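In what follows, a single structure is set out as C-alpha cells and then discussed.
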Amino acid sequence: MDAAQTAALHESVLAWYDEHARDLPWRGLDATPWSVMVSELMLQQTPVVRVLPVHAAWLERWPTPADLAAETTGEAVRMWGRLGYPRRALRLHAAATAIVERHGGEVPSSYDDLLALPGVGDYTASAIASFAFGKRHVVLDTNVRRVLARAVTGVEFPSTAVTRAERDVATALLPDDEATAATWAVATMELGALVCTARQPACDACPVAGLCAWRAAGHPAYDGPPRRGQAWAGTDRQCRGRILALARDADVVTAAQVEAAWPGAEQRERCLAGLVADGLLTQITPGRWALPG
DNA sequence: CATCCGTGGCC
DNA sequence: TGGCCAAGGAT
C-alpha cells in the first residue's frame, strides 16, 4: 500500500469513526485511566453489551485502584458476576494492588509498566497506553487484525497467531502523529466491531470498501487451517463454572451442593481443587467452600 | 506454540 | 440445533 493509499485509508476510517463511534462510558472525556483499564480487562473475550452494566457497577463501587486493592479477592470475583473467565477478576485485583504498591495508586502510562501488571498482555498494555493516555502504539486486537487481513492482505481471516508480517503491516499503517495514532487505533477496532465483522461484514456501509483488497478480489473464501472452536459440554470449564456460580450466589457452598451441580466425581474433585489452587475458592472446613475472604 | 480458561447470543 | 464468535493472557 503506497503513501497515497495509506493517506486515503486514514482519512476514510477516521472520518467514519468521527461519525459512527459508539458513546461508550470508558471513552468519555471524563473517563479515568482506571475506567479504561477496567473496561479492557472485562472486554477480553467478552462482548461490549455484557460488560456495560458490570463496568458501571464496578466503577461505582471501586472508583480507584486503591478502593479495589482494599477489598477481598472474593468480592472482586462476586462482582465480576457472569462475565466469564473469572480469573480476570483476580488479575484485576492483583493489578490494582501492584498499582498501589508500585505506582502510588495511579494507573501507569507507559507500555512497559502496564505490561508488567497481572492480566495485562501486549494488546491490553497498548490499548490502555493509547486510549487512556493518547500514546502511539500498534493496537492489535481481533478486530484490527481482521480489518487489516481483509483491507490490506486480501484474506477473509487473519492467522491464528500474530505474525511478524502482520505486525509490520500494522506498524507501517500507524499514523506518525501521536494523537492521530491513538484515534486510528480505536477507529480501526470500531470498524472491525461494527462493520467489518467476522460473520457478515457490511461492505456496503464500509468507508474503505473502495480500498479493500479482499473485496477487490471478490471476497475469496477463507482457505487457511481450520479454526478450532472450543469444546464446552462436559469440559472442566463448564464444571468449574457451575461450582463457582454456586459460590457467587451464597456465602458457603457445601459438598452436597457441588455433587448436585456436577455428577462426575473425579472431574468434580479435580475442578474443585483447581479452583482452590487458582485462588477462586477457599476451603473453609472439610466439605465447605467459599469465595476467598 | 498449543492449550486452557466462562458465558451467552446468534444464525 | 450447534458450531462459531466476543477489545486475550498465562503457561
Side-chain angles (χ1 to χ4, degrees), chain A residues 17 21-22 24-27 31 35-55 77 80-92 94-95 114-132 137-148 156-164 170 182 185-194 196-201 222 225-248 261-262 267 270-271 274-275 277-281:
Chain A
Y17 182 72
R22 287 170 293 180
L24 301 172
W26 45 86
R27 283 184 187 161
S35 174
V36 173
M37 180 170 176
V38 171
S39 79
E40 289 304 334
L41 269 288
M42 289 183 173
L43 286 164
Q44 291 168 0
Q45 300 286 283
T46 307
V48 168
V49 289
R50 217 176 310 163
V51 165
L52 286 169
V54 182
H55 178 269
V77 171
W80 196 256
R82 306 186 67 80
L83 283 184
Y85 293 143
R87 292 193 291 192
R88 292 182 293 165
L90 296 180
R91 291 172 186 156
L92 188 49
L114 289 163
L115 188 62
L117 297 173
V120 179
D122 169 70
Y123 160 75
T124 303
S126 302
I128 297 172
S130 182
F131 304 157
H137 286 282
V138 169
V139 180
L140 264 188
D141 82 319
T142 187
N143 290 304
V144 175
R145 295 190 64 212
R146 190 173 54 249
V147 168
L148 297 186
E156 186 176 13
F157 295 115
S159 56
T160 305
V162 177
T163 64
R164 175 58 190 269
V186 70
T188 46
M189 282 180 62
E190 191 78 335
L191 186 64
L194 298 183
C196 193
T197 57
R199 290 169 174 142
Q200 285 198 315
Y222 175 77
R227 301 181 300 148
R228 295 199 169 282
Q230 307 174 11
W232 173 246
T235 60
D236 282 8
R237 274 164 45 237
Q238 185 184 29
C239 180
R240 287 165 57 106
R242 289 256 185 95
I243 297 171
L244 201 60
L246 294 175
R248 276 197 306 265
W262 197 265
Q267 188 175 27
R270 178 174 69 244
C271 289
L275 288 168
D278 288 346
L280 286 165
L281 220 50

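A quick note: this is a predicted structure, and the numbers were derived from the prediction, not measured. Labels below follow one simple rule: chain letters A, B, ... track the order of the sequence lines, proteins then strands, and each chain is numbered from 1.
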Practice item. Measure the shortest side-chain to side-chain distance between Val120(A) and Met37(A) over non-hydrogen atoms and say whether it is less than 4.5 angstrom. Key: yes

Point to revise | Of the listed nucleotides dA10(C), dG6(B), dA7(C), the one nearest the side chain of Thr46(A) | key: dG6(B)

Exercise for review: Examine dG8(C): is either OP1 or OP2 under 4.0 Å from a nitrogen or oxygen in the side chain of Gln45(A)? Give yes or no.
Suggested key: yes

Practice item. Please determine, for the side chain of Arg50(A), which listed nucleotide (dG8(C), dG8(B), dC5(C)) has the closest atom? Key: dG8(B)

Point to revise | Check: Arg27(A) and Phe131(A) side chains under 4.5 Å, non-hydrogen atoms | key: no

Check your understanding: Quantified in whole Å, what is the C1' atom distance between nucleotide dA2(B) and nucleotide dA7(C)?
Key -> 23 Å

Check your understanding: What integer distance in Å separates Leu92(A):CG from dA7(C):P?
Key -> 19 Å

**Study point:** Rounded distance (Å) that lies between atom P of dG8(C) and atom CZ of Arg145(A)
**Key:** 10 Å

Point to revise | Distance, rounded to the nearest Å, where Leu191(A) contributes CG and dA6(C) contributes C1' | key: 17 Å

Review point. Can you find a side chain N or O atom of Arg82(A) that sits less than 4.0 Å from OP1 or OP2 on dG8(B)?
Key: yes

Exercise for review: Would you indicate what Gly84(A) reaches in the nucleic acid, counting non-hydrogen atoms under 4.0 angstrom: base, sugar-phosphate, or nothing?
Suggested key: base

Check your understanding: Across the strands shown, which category fits Asp122(A) at heavy-atom distances under 4.0 angstrom: base, sugar-phosphate, nothing?
Key -> sugar-phosphate

Review point. Can you tell me how far C1' of dG8(C) sits from CH2 of Trp80(A), to the nearest Å?
Key: 12 Å

Check your understanding: So, is Arg146(A) near the phosphate of dA6(C), with a side-chain N or O under 4.0 Å from OP1 or OP2?
Key -> yes

**Study point:** Asp122(A) vs Val162(A) side-chain heavy atoms within contact, under 4.5 Å
**Key:** no

Review point. How close or far is atom P of dC5(C) from atom CG of Asn143(A), stated in whole angstroms?
Key: 13 Å

Review point. So, is Arg248(A) near the phosphate of dT7(B), with a side-chain N or O under 4.0 Å from OP1 or OP2?
Key: yes

Practice item. With the side chain counted from C-beta on, respond yes when Arg146(A) and Thr142(A) share a heavy-atom pair under 4.5 Å apart, and no when they do not. Key: yes

Practice item. Would you mind classifying the nucleic acid contact of Thr160(A) as base, sugar-phosphate or nothing, using non-hydrogen atoms under 4.0 angstrom? Key: nothing

Check your understanding: Side-chain contact, heavy-atom cut-off 4.5 Å: Arg82(A) with Arg50(A)?
Key -> no

Review point. Do Val48(A) and Leu43(A) come close enough that some side-chain heavy atom pair is under 4.5 Å?
Key: yes

Exercise for review: For nucleotides dG6(B) and dT11(C), find the distance between their P atoms and express it as a whole number of Å.
Suggested key: 14 Å

**Study point:** Distance, rounded to the nearest Å, where Ile128(A) contributes CD1 and dG8(C) contributes C1'
**Key:** 12 Å

Practice item. Kindly point out which of dA10(C), dC5(B), dC5(C) is positioned nearest to the side chain of Ala198(A)? Key: dC5(C)

**Study point:** DNA chain C: 5'-proximal contact among Leu117(A) and Leu24(A) (nearest heavy atom)
**Key:** Leu24(A)

Study note, to complete from the structure: By nearest-heavy-atom nucleotide on DNA chain C, the more 5' of Arg199(A) and Val120(A) is Arg199(A)

Revision key, fill the gap. Closest of dC5(C), dG6(B), dA7(C) to the Arg88(A) side chain is dG6(B)

Review point. Can you check the Gln230(A) CD to dA2(B) P distance for me, whole Å?
Key: 15 Å

Exercise for review: Quickly work out the Leu83(A) CG to dG8(B) C1' distance and round it to whole Å.
Suggested key: 11 Å

Practice item. Answer yes if the side chains of Arg237(A) and Gln230(A) hold a donor-acceptor pair under 3.5 Å, and no otherwise. Key: yes

**Study point:** From dC5(C), dC5(B), dA7(C), nucleotide with atom closest to Arg87(A) side chain
**Key:** dC5(B)

Check your understanding: For Ala161(A) and Arg237(A), take the nucleotide of DNA chain B holding the closest heavy atom to each; which residue's nucleotide lies nearer the 5' end?
Key -> Ala161(A)

Review point. Does a side-chain N or O from Thr235(A) land closer than 4.0 Å to OP1 or OP2 of dC5(B), or not?
Key: no

Check your understanding: Quick one: is Arg227(A) getting a side-chain N or O under 4.0 Å of the dC5(C) phosphate, OP1 or OP2?
Key -> yes

**Study point:** Interatomic distance at P, dC4(C) relative to dT3(B), whole Å
**Key:** 16 Å

